Amino acid sequence: MTRQPGPLRIGNASGFYGDRFDAMREMLTGGELDVLTGDYLAELTMLILGRDRLKDPGAGYARTFLRQLEECLGLARERGVRIVANAGGLNPAGLADAVRQLADRLGLPVRVAHVEGDDLTAANPGSLAAHAYLGGFGIAVCLREGADVVVTGRVTDAALVTGPAAAHFGWGPGDHDRLAGAVVAGHVLECGAQATGGNYAFFHEAARSGRDLRRPGFPLAELHEDGSCVITKHPGTGGFVDVGTVTAQLLYETAGARYAGPDVTARLDTVRLTQDGPDRVRIEGARGEAPPPTLKVGVNRLGGFRNEVAFVLTGLDIEAKAGLVREQLTDALAKSPPAEVRWDLVRTDRPDAPSEETASALLRLVVRDPSQEAVGRALSGAAIELALASYPGFHVLAPPGKGSPYGVFEDVYVPQDGVDHVAVLHDGRRIPVPPAHDTVVLDEVPEPPLPQPLSQGPTARAPLGLVAGARSGDKGGNANVGVWVRSDDAWRWLAHELTVDRFRQLIPESGRLKVTRHLLPHLRALNFVVEGILGEGVAAQHRFDPQAKALGEWLRSRHLDIPEILL
C-alpha cells in the first residue's frame, strides 16, 4: 500500500462465520472504501474447523468467504479495494491457493498473499487445534508488497485493522499510541453490525425515533495518521451509529483498562467518544503501551461426549414433579453414572396460566462423560422408560440422542519469539515478521477515583436497564458484563451503587465465583469479569447461555432502588 492523503477508510463485512452473506457486496457498492475486512473466527469456530480438518486435511477454512469472493472479487478490484480476512482459519495457505484458482477462473489479475505461523497444534499434544493470536505486522508486509487479497489464520480481531493501518501510514512497532488507536477502531469494527445498532440495549428508543433496525448496515472506520478515527457506515444503510452503540462494542469481551495484544497494549481508560454528526462517532485519546512479552494461544480439544433432555413439567406441584423424575433417573443411572450430571429447573410457569406453554416449567438434564455409551444409550433408555411411569403429564421437548462430542477451550501463553510469523507473498517469497522486542509485563492499572456520589433523594424500585445499558460476552470460561450510562448524574449513581457485592446479589450465579470490577470513567462504564461462569468454554455448553450473550440483559432486568431523578 502507498500512503495517500486523508483518512484510511476500513470497512467490515463479517463479524463471524455465518454472518450476512451479501454484506461484502453491500460494503463494496455502498460508498468509498480503501480496505474491506472480514472476521470469520471465534473460539468455537476454530473447534468446528478442526473437526472439519479431521475429515478432510484440505479443509479448515471458511468456505463462505470463497463464495462471497466469487461475486465480489472483480468488484473489489475495479474499485481498488484491498480485502483482508482471517477466513484462512486452520489452513490459510489452502485458502490463498483457492482464491488464486478463483481469480484465474474469473480472469482477474489478483495478487493473493497469506500469513502463517500461528499453528502450534503439534506443540500441544492432544489438542484438536492450538493457534497463537498473531498481530497485524504480517498483514502489513503483505499489503506493502502489493497484495490485493490477504488471508490469515488466527490473528487478533483488531489485527485486521492494525495491519492495513501500519502499511498505509508507515507505522512501526514503536508507534504505540497510533497502534492503540487502530486497535480500538478494530475492536469496534470486528463484530460487524453490533457497532451499528445490532444487539443494542436501547434498541426500543432507537426504533421509536424512526431508526430502521431491521437490517443494520456494517460499520467502517475513517482512520487518521495520529490513530484517531471516526466510526460510521455507508449512507442509506440501516441501523445507526452513536456514542451508545460504540460504547457497547468497546466494552464487549474486554476486561480492565489494559486491552493487550501482540502489537500494543491499548489503554481503554484513555479513550474518549464524541458524536461527530449523524451516524458518526469520533474516537480519540487512545494511549498505547508496549505489548506483553507473551502471545495468547487458544487450545481446543475434544472433552468427551454430552447429551441432554428437557422434561416438561406442567401445572401444579412443579417442585415435587422435578424431585420425582430426578430420583427415578438417579436410580436408573446408578450402575454406570456419567462423569458429570447437571440438573436445572427453569421456572417459566405461571399460576392460572392462559396457555399450556405458560403453565409449564422445564427440568433440564445435561450429562457428560469420556464415553459416548455412558451419555447415549444409557440415558436415552432410562429417560424414555419413564414415559408411563413418572409424574403426571410426562413428556420431553425431544428424546435424547446418542450423545455428541463437545469441545474444551483453554488459554496458554508462549513467548513472542515462540512462533514463526511469516508473510507469504503472491510471488512465493516468504518474509519473516520479527516479534516485538519492546515488551512490558502486564500489570493492573490503579483504580481511578470514584465520582462524587449523587445527592440523596427519593428512589423507586425499578429495573437497572431503565438507566443503564449492558453488553456481555465470553472469553474462554470467563464472561464479561460491560455496563454504561448516558449522563454524568447516572454515572455518579452507578459507580457507587453497582459494586461487586451488588452484582453478586443481582446475579446469584456469580455468588461463589471471582468477580472483578473495572472502572472506565471516560466511558461512564463499569466492566465486570466473572471467572469460571462458562466452565470450559462455549463448546462445552456449561450453562443455558453458553457464551453469556444475554448475561448483561439479565442484569438490566433486575430491580433495585434507583433515584427518581434518573427515571
Side-chain angles (χ1 to χ4, degrees), residues 1-11 28 33-39 61 65-66 69 72-74 76-89 91-104 106 108-119 132-156 158-175 178-179 182 186 223 225 262-264 416-417 419-437:
M1 294 179 71
T2 57
R3 183 171 175 178
Q4 302 292 332
L8 176 67
R9 294 175 61 88
I10 304 180
L28 289 170
L33 279 182
D34 300 302
V35 179
L36 183 59
T37 67
D39 182 4
Y61 56 78
F65 176 72
L66 267 182
L69 283 187
C72 298
L73 190 57
R77 178 161 178 76
E78 173 188 319
R79 297 191 171 221
V81 178
R82 308 288 182 90
I83 294 177
V84 179
N86 61 13
N91 188 7
L95 178 57
D97 285 340
V99 174
R100 292 185 190 101
Q101 293 170 18
L102 172 64
D104 289 344
L106 296 176
L108 298 171
V110 175
R111 293 164 294 192
V112 183
H114 74 275
V115 177
E116 59 184 42
D118 59 303
D119 191 348
Y133 288 71
L134 302 180
F137 281 102
I139 296 170
V141 170
C142 294
L143 293 171
R144 285 171 179 160
E145 295 295 326
D148 302 302
V149 177
V150 181
V151 295
T152 77
R154 180 75 275 186
V155 296
T156 65
L160 302 176
V161 172
T162 61
H168 182 79
F169 294 117
W171 296 342
D175 289 312
R178 293 175 172 86
L179 288 167
L223 191 60
E225 197 275 339
D263 297 324
V264 68
Q416 282 258 8
D417 60 2
V419 300
D420 296 320
H421 190 177
V422 178
V424 184
L425 305 182
H426 57 280
D427 56 10
R429 283 181 294 149
R430 299 175 60 86
I431 300 180
V433 180
H437 294 293

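We're numbering straight along the sequence, starting at 1. Excluded from the calculations below are hydrogen atoms, water molecules and symmetry mates; all remaining heavy atoms, backbone and side chain alike, are included. Fair warning: this is a prediction, and the values are worked out from it, not measured in the lab.
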Open item on the list: Run the salt bridge (charged side-chain N to carboxylate O under 4.0 Å, His left out) test against Arg154 and tell me which residues pass, sequence neighbours left out.
Closed with: Asp157
- [ ] State, yes or no, whether a side-chain contact exists between Leu160 and Ile139 at a heavy-atom distance under 4.5 Å.
- [x] yes
Open item on the list: Within the 4.5 Å heavy-atom criterion, are His168 and Asp34 side-chain neighbours or not?
Closed with: no
Task: Within-4.5 Å side-chain heavy-atom neighbours: Asp39 and Asn86 - done: yes
Task: Closest non-hydrogen atom pair, Gly117 against Leu134 - done: C-CD1, 4.3 Å
- [ ] Look at the side chain of Thr37 and the backbone N and O of Ala85, then say whether any donor-acceptor pair between them is shorter than 3.5 Å.
- [x] no
- [ ] For residues Val99 and Val112, report the shortest heavy-atom separation together with the two atoms involved.
- [x] CG1-CG2, 3.6 Å
Open item on the list: I need the Leu28 CG to Arg79 CZ distance, nearest 0.5 Å.
Closed with: 7.5 Å
Task: Qualifying residues under side-chain contact (heavy atoms from CB on, under 4.5 Å), relative to Asp104, sequence neighbours excluded - done: none
Open item on the list: Looking at every non-hydrogen atom in both residues, tell me the closest pair between Ala182 and Val161 and how far apart they are.
Closed with: O-CG1, 3.6 Å
Open item on the list: Applying side chain to side chain donor-acceptor pair (under 3.5 Å), can you list everything that pairs with Glu116, at least two apart in sequence or on another chain?
Closed with: His114, Arg430
Task: Contacts of type salt bridge (charged side-chain N to carboxylate O under 4.0 Å, His left out), residue Arg100, not counting sequence neighbours - done: Asp97
Task: Minimum heavy-atom distance Ala423-Val141, with the two atoms named - done: CB-CG1, 3.7 Å
Task: Evaluation steps, side-chain contact (heavy atoms from CB on, under 4.5 Å), between Val433 and Val115 - done: CA-CA 10 Å; Val433 180; Val115 177; over 6 Å; no
Open item on the list: Just verifying a value: how many Å separate Phe169 CZ and Asp175 CG, rounded to the nearest 0.5 Å?
Closed with: 11.5 Å
Open item on the list: Which heavy atom of Val150 sits nearest to which heavy atom of Cys142, and what is that distance?
Closed with: CG2-CB, 3.7 Å
Task: Leu66 side chain reached by Leu95 side chain, heavy atoms, under 4.5 Å - done: yes
Task: Smallest separation among heavy atoms of Leu8 and Pro164, with atom names - done: CD2-O, 3.8 Å
Task: Qualifying residues under side chain to side chain donor-acceptor pair (under 3.5 Å), relative to His421, sequence neighbours excluded - done: none
Open item on the list: Using the side chain to side chain donor-acceptor pair (under 3.5 Å) criterion, which residues pair with Arg111? Sequence neighbours excluded.
Closed with: Asp148
Task: Nearest-0.5 Å distance that lies between atom NE2 in His426 and atom CD in Glu145 - done: 8.0 Å
Open item on the list: What I'd like to find out is whether the side chain of Leu69 reaches to under 4.5 Å of the side chain of Leu102, using heavy atoms alone.
Closed with: yes
Open item on the list: Using the side chain to side chain donor-acceptor pair (under 3.5 Å) criterion, which residues pair with Thr162? Sequence neighbours excluded.
Closed with: Asp263
- [ ] Would you please name every residue forming a ring-ring contact (aromatic ring centres under 6.0 Å, His included) with Phe65, sequence neighbours left out?
- [x] Tyr40
Task: Rounded distance (nearest 0.5 Å) linking atom OH of Tyr133 with atom OG1 of Thr156 - done: 9.5 Å
Open item on the list: Taking side-chain contact (heavy atoms from CB on, under 4.5 Å) as the definition, give me every residue that meets it alongside Ala166, ordered by chain and number, with sequence neighbours left out.
Closed with: Phe137, Ala140, Arg144, Trp171
